[in-house]
Protein chains: 2
Amino acid sequence: MQPKTRWRRRKEARPGEIIDAALNLFVQHGFSATRLDDVAAEAGVSKGTVYLYFDNKESLFRAMVQELIVPVVAQAEEHAAQFQGTQTELIRMLVHSWWDNVGKTRLANMPKLMVSEAAHFPELARYYVDNVVKRARKLLEDALYKGIEQGEFESCDVKSAARILLSPLVFSVIWEKSLAPFDSDDYDIATYIALHLDIFFNGISLDSGVTEHV
Amino acid sequence: MQPKTRWRRRKEARPGEIIDAALNLFVQHGFSATRLDDVAAEAGVSKGTVYLYFDNKESLFRAMVQELIVPVVAQAEEHAAQFQGTQTELIRMLVHSWWDNVGKTRLANMPKLMVSEAAHFPELARYYVDNVVKRARKLLEDALYKGIEQGEFESCDVKSAARILLSPLVFSVIWEKSLAPFDSDDYDIATYIALHLDIFFNGISLDSGVTEHV
DNA sequence: CTAATTAATGACTCAATAGTCAGTAATAAA
DNA sequence: TTTATTACTGACTATTGAGTCATTAATTAG
């Protein structure tokens, strides 16, 4: 069962394994507090090997972000494009699938990590905003526009409304991964999200009178 | 005009000046990326002087947090206690005064800083949650309870509702201090807050039907 | 089986910075 | 004016961790 060799040559598998190790440690300790020696150890290689596949610590960080999040956004866009139903139902579907694919997984750590590190990695921050945030917002904005056209929602400032819809979701994962462990009052996130959606849809339903902010 | 002396003895003023310098640099670069030499320089003293008044870098960080935020929370509590008017008006007042005293000032940097550093400073995180977050939530929860009793709002899960009310506000300052500089779509925060309050109050008004989450 | 290639290693260098402390100069006391 | 006190300095130490590279060993080619 013991391998005869001290190590194997596994050119194909290494980058993925290193990225995976990096994700675990970067989300746990942040960028600067993560030692590359530890990333290497977690990936089962030496530090030299990390430098064989990535130029430096920052480039590993970037690779990790790109690798992990873009597929999720793309999948959400496909789901939305194929969706049959009212815009209210579409938004509920997007929120719940975001929760299943991001909120409940280790990807839930990304928003806090990006917020914390944005100032140190401007190029990466721009990439994240363009490829994740803007695309996510656009899905919601499009649904809100259509919903207004189709008479599901009161006319209102759609760009603000999309942010209002998104904020409590993103904030909840940031909170969970930062201060929640120190908060003795716990709460049920499923109830929180359900109530948020109910208040929001009630708030923008046609009889609501939120027209002053068009 | 030139002072004859190379430096002055100013035992009373130093700690405050050092805390002030620390705030400017910690919020700009984060905790670990801030050099104590730079804090000292910004405060107009040498590094040795910083260690005369604070045990170490962490203790300076804690002093800064305590010094700056607790007074703001205490003031909000007083305002709320003295308030005459409906609970809807009270909540609107609290939100707007939070915006004036936190959102528009350099204190707006605190949420992002705490979220980023919480994992490295568990004791400080607990202090912040207990002395800032819980007290802020309590103000809103109390207003919502009273509003329900007095028939202003539909009965609902008050703890979740208070978080839903707070999230978009806190998130907006975190966003502004992190990724917003990389986001070309800008938006007007005043419009966003006004719309949030309108949607929220419409959403929980008596005719809304959000009763299922009691 | 032997030689050539290259994936992988880990001891090393180098830079950055938290924290120390012996010495200095401003102030107060005698 | 002289002496005692102490706020303040800044050069120093100790540590940490990013990035390098000469060497080693797994694999492939001949």
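So you know, we letter chains A, B, ... as the sequences are listed, proteins then strands, and number each from 1. It should be emphasised that the depicted structure is a prediction, and the values quoted were computed from it without experimental measurement.
Rounded to whole angstrom, the span from the OH atom of B:Tyr51 across to the P atom of C:dA22 amounts to 17 Å. Atom pair B:Asp38:CG and C:dT17:P shows a separation of 8 Å (rounding to whole Å applied). Distance A:Glu58 CD to D:dA18 C1': 13 Å, rounded to the nearest Å. The nearest whole Å value for the distance from the CZ atom in A:Arg6 to the C1' atom in D:dT23 is 11 Å. Residue A:Asp55 contributes atom CG, which lies 16 Å from atom P of D:dA18 at whole-angstrom precision. Note: CZ (B:Arg35) to P (D:dT15) measures 22 Å, nearest angstrom. Rounding to whole angstrom units, CG of residue A:Leu36 and C1' of C:dA8 are separated by 16 Å. What separates CG of B:Asp37 from C1' of D:dT9 is a distance of 12 Å, to the nearest Å.
Using modelled atom types, no side-chain atom of A:Ser160 and backbone atom of A:Asp157 make a donor-acceptor pair closer than 3.5 Å. At least one donor-acceptor pair closer than 3.5 Å links the side chain of B:Lys57 to the backbone N or O of B:Phe31.
Among the heavy atoms of the strands lying under 4.0 Å from A:Leu52 is at least one base atom, whether or not backbone atoms are also near.
Between B:Tyr53 and D:dC8 there is a side-chain polar atom (N or O) within less than 4.0 angstrom of OP1 or OP2. Side-chain N/O atoms of B:Arg8 include none lying less than 4.0 angstrom from OP1 or OP2 on C:dA26. For the OP1/OP2 pair of C:dG10 and a distance below 4.0 Å, the side-chain nitrogens and oxygens of A:Lys47 include no atom meeting the criterion. In this model, the phosphate group of D:dC8 is approached by a side-chain N or O of B:Arg14 to a distance below 4.0 Å at OP1 or OP2. The side chain of A:Thr49 contributes no N or O atom lying less than 4.0 Å from OP1 or OP2 of C:dA8.
Residue side chain A:Lys57 does not reach the base of D:dG19 through any donor-acceptor N/O pair under 3.5 Å, judged by distance alone. Checked by distance alone, B:Arg9 brings no side-chain donor or acceptor within 3.5 Å of a matching partner on the base of D:dA7.
Annotation for A:His79: atom NE2 does not count as buried by contact number, only 12 or fewer foreign heavy atoms lying within 6.0 Å.
Counting only N and O atoms by type, the side chains of B:Ser167 and A:Tyr192 include a donor and acceptor under 3.5 Å apart.
With B:Arg163 as reference, A:Asp183 is the one residue of A:Asp186, A:Asp183, A:Asp188, A:Asp185 to meet the salt bridge (Lys or Arg N to Asp or Glu O under 4.0 Å) rule.
Each of B:Trp7 and B:Thr34 has a nearest nucleotide on DNA chain C; the 5'-most of these lies closest to B:Thr34.
Side-chain proximity of A:Thr5 to D:dT27, D:dT9, D:dA7: nearest is D:dT27.
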